[in-house]
Amino acid sequence: MSGREAAIAAAQAHFDSGAFVRDLARRVAFRTASQDDVSGPALQAYLADEIGPTLAALGFTFSIHPNPEGRYGPFLVATRHEADELPTVLMYGHGDVIRGQDGSWTQGAGPWTVVQDGERLYGRGTADNKGQHGINIAALAQVLAARGRLGFNVKWLVETGEETGSPGLATFCEAHRADLAADVLIASDGPRQQRDRATVFLGSRGVANFELTLKLREGAHHSGNWGGLLRNPGTVLANAIASMVDGQGRILVDGLRPPPIPANVRAALAGLSFGGDAGDPAVDAHWGEPGLTPAERVIAWNTLEVLAMVTGNPDFPVNAIPPTAKATMHLRFVVGTDVARLRQAVLAHLAARGFGAIEVSEPVVMAATRLDPDDAWVRFTLASIERSTGRAPVLLPNLGGSLPNDVFADLLGLPTVWVPHSYAACCQHAPNEHLLAPVAREALGLMAGLFWDLGEQAATLPRRR
Ligand SMILES: [Zn+2]
């Protein structure tokens, strides 16, 4: 058996021995629900008593820092430095979880106790994110044990506020740029594209929410006396929205459309299908931008949605012309969309069509990121995982959903490679959250293979400094 094979086997034996699940159970028992104000001590303890000491045993030095935005949870930074000439990998995880929803679990033994039932490991945070960063820490440990050193430097950043929108993460990273300097980010969160296929994703779509408001007058007016004399704001707003996105979901505002899909993004998505699992809604075949595949529509294109819309009182309609109408709009967008000019683009579009009276709010934005699929770190990761699992992983240029990857990609300037260890039906924000045992076992092996190869190929991997 080669050293590489031995490290992978040891990582899987770590699962088979029950040691991985024991570690996971200890971590899940910390009630780190960041949405609950009483969780402060648990968030601190998770870093100080669990993750910090675990990493210290692997030769890391660690420090815990208060959140620069005050009342939110702390950050852990840990470093294991082998040599200046070696590449440095930044790893990321979040120790907080969403609320336990203790009364609503129908499987396992509630949120704070790990119970295995068949292939499922139930417990809050097993999938999001304690199980995932736990797999990566354990895989590092196995490679370190097998080789005696890693052959690269590692830094860990663990935050405890991800489930409340990562407050302070950008400010913290800005202030600790030097401590967090690295050559690449390798992290695990979110689902695989299909449960049985390893997946690599390189960023995420962004989100911009904004409101359209049309207030024409004070108070409603009787439709018999005033209908035909007064403009109806509901009618006007509905037509304005129809001018922005048509009845098939195609975006009609030039400034909200993405640039053409790059050829290597299109190639990565060829043959991928989304949905189709039990409980999934049926995909609408002719929705969205014409000429695109469903995979291109959800990953490589923008969507403009109406999240909510109101005029009058829908629960108690009266025969009157309402005075106002309002809609909350929602853009999911890919890299290359000029979201900084979103409001101007929408205002200009509406004004040109006679809808200039509609107010457009400043959008609330989370940025889009996407590493080039041909980046050398991507090629390295794909090749390593294929070698370990015998099958090419799915490459998603970005997730359809959103995560604060811009902090790593834009603020810290890192190539970002994500290797998720969960799957879409893991109930990560619901009762009965679980990690799949076979996926966890495979993930331990493929991460050990990845870390093994990183040490082996350290001299040839791209460097930032
Ligand atoms: Zn989450």
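Atoms within each ligand, like the ligands themselves, are counted from 1 in listed order. If you read the sequence from its start, that first residue is 1, and numbering goes on from there. Because the structure is a prediction, the values reported are computed rather than measured. Side chains are part of it too, since the values below use all heavy atoms of this structure and drop only hydrogens, waters and symmetry mates.
Restricting Glu163 to its N, O or S atoms, the one at the least distance from the Zn ion (ligand 1) is OE2.
For the atom pair CD1 (Ile186) and CZ (Phe451), the distance works out to 6.0 Å, reported to the nearest 0.5 Å. To the nearest 0.5 Å, atoms CG (Asp284) and CD (Gln248) are separated by 11.0 Å.
In this structure, Arg297 fails the cation-pi test against Trp287, since its NZ or CZ atom is not both closer than 6.0 Å to the six-membered ring centre and inside 45 degrees of the ring normal.
The aromatic ring centres of His434 and Tyr423 sit less than 6.0 Å apart.
Here Asp128 meets the criterion, with an N, O or S atom under 2.8 Å of the Zn ion (ligand 1). Among the backbone and side-chain atoms of His94, no N/O/S atom is found under 2.8 Å from the Zn ion (ligand 1).
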